[in-house]
Amino acid sequence: MQKSRIYGVMTASTLLVGGAMIFLLPELDVGLIAIIAVGLLLAMVAPVVLIGIAINKLKGDVEEKAIELRRQGEELSSLKSKFSAVTTLDELTGCSNQRHFMELLAQHRAMSERGTYEFTLAVTQVDQFTEIIEKQGLGRGNEVLQLFSRIVKAALREVDVIARFEADKFGMVLSGCSEQDALQIINRISQLISQIQVNDQDDVKITSSGGITSFHGTETVEDLIEHAEQALQFAIEQGRDRVAGYNYISPEEAAET
């Protein structure tokens, strides 16, 4: 619309100048009028062509800038995703790291405080990790951890969370699960873990131990981790390859004892 208006003004101005020139001629000379007409036509067409070329070049520059901005935006988005993954995931296993897990655990705790939502926290470990490292080296131990994490991820649901705490210890938030539900899930995972074959001789049998605790409405995030780890320690003391639950006592009950 703006370009048509510019062309219209230029045409009107050219015709006005041409008409004035012809009007001021001392006599009507057809040849001279023809020369003036051709000159005015050229004077009118040349700017139109030049403006068209300039506008097309400007459009091309704008399109190039738009493409460049889109490319930079895509690169920035990719960098943000990579940075987010680096800051929230464990590099070896692809599980959440412990810091990110604590943030997610706090979110689950807050949801439970606001309504009827329930969840159970589990802490598990690969029982033979130290033995594997001593016999076959850290590289093989890391392969077992990677296989362990893949098995656990496959057994969990999308709403659940798994994170690597320490070398051989993992934390899980089991969403919407009671302790009884969580016990069944962890036992099923333990059965799958027992199928891991360390080597062809199969001289090391892989097992996992776990400790679980549910949120009862009073524990802090740190309390929940401590309670699950206490239950895990109890399972280890009982011979490993088993799951133990934390014996929760309410503050009121604790005050009476």
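This structure is a prediction, so every number in the text was calculated from the model and none was measured.
- Enclosure of atom CD in Glu91 is not indicated, since only 12 or fewer non-hydrogen atoms of other residues, nucleotides or ligands lie within 6.0 angstrom.
- No donor-acceptor contact under 3.5 angstrom links the side chains of Ser175 and Asp160, judged on distance only.
- Looking only at side-chain heavy atoms (C-beta outward), Leu156 and Val161 stay at 4.5 Å or farther from each other.
- Distance check, rounded to the nearest 0.5 Å: CD of Glu219 to OG of Ser214 gives 9.0 Å.
- By the 4.5 Å heavy-atom criterion applied to side chains, Ile212 and Tyr246 are not counted as neighbours.
- The closest side-chain heavy-atom distance from Thr124 to Ile193 is not below 4.5 Å.
- Judged as a ring-ring contact (aromatic ring centres under 6.0 Å, His included), the pairs with a partner in residues 153-192 (not counting sequence neighbours) are, in order, Phe101-Phe165, Phe148-Phe170.
- For the atom pair CD (Glu113) and NE2 (His108), the distance works out to 14.0 Å, reported to the nearest 0.5 Å.
- Counting heavy atoms from C-beta outward, Asp181 and Leu174 have side chains that stay 4.5 Å or more apart.
- In summary, the side chains of Asp90 and Thr93 do present a donor paired with an acceptor at a separation below 3.5 Å, with no hydrogens or angles considered.
- Checking Thr207 against Gln128 by side-chain atom types alone, a donor-acceptor pair falls below 3.5 Å.
- In this structure, Ile133 and Thr130 have side chains that are not in contact, with every pair of non-hydrogen atoms separated by 4.5 Å or more.
- Side-chain contact between Phe234 and Gln230: absent, with no pair of heavy atoms (C-beta onward) separated by less than 4.5 Å.
- Remark: the Gln107 side chain and the Glu103 side chain contain no N/O donor-acceptor pair separated by less than 3.5 Å.
- For the pair Ile162/Ser96, no side-chain contact is recorded, criterion being any heavy-atom separation below 4.5 Å from C-beta on.
- The side chain to side chain contact (heavy atoms under 4.5 Å, CB included) test applied to Thr220 returns Glu222, Asp223, not counting sequence neighbours.
- Taken together through direct or relayed side-chain contacts under 4.5 Å among Ile, Leu, Val, Met, Phe, Trp and Tyr, Ile189 and Val123 form parts of separate hydrophobic clusters.
- In terms of heavy atoms, Ser209 sits closest to Arg240 at OG-CA, 3.2 Å.
- Looking only at side-chain heavy atoms (C-beta outward), His100 and Leu104 come within less than 4.5 Å of each other.
- Taking each heavy atom of Cys177 and Thr120 in turn, the nearest pair found is O-OG1, 2.8 Å.
- With rounding to the nearest 0.5 Å, the separation of CD in Glu166 from CD in Glu229 is 6.5 Å.
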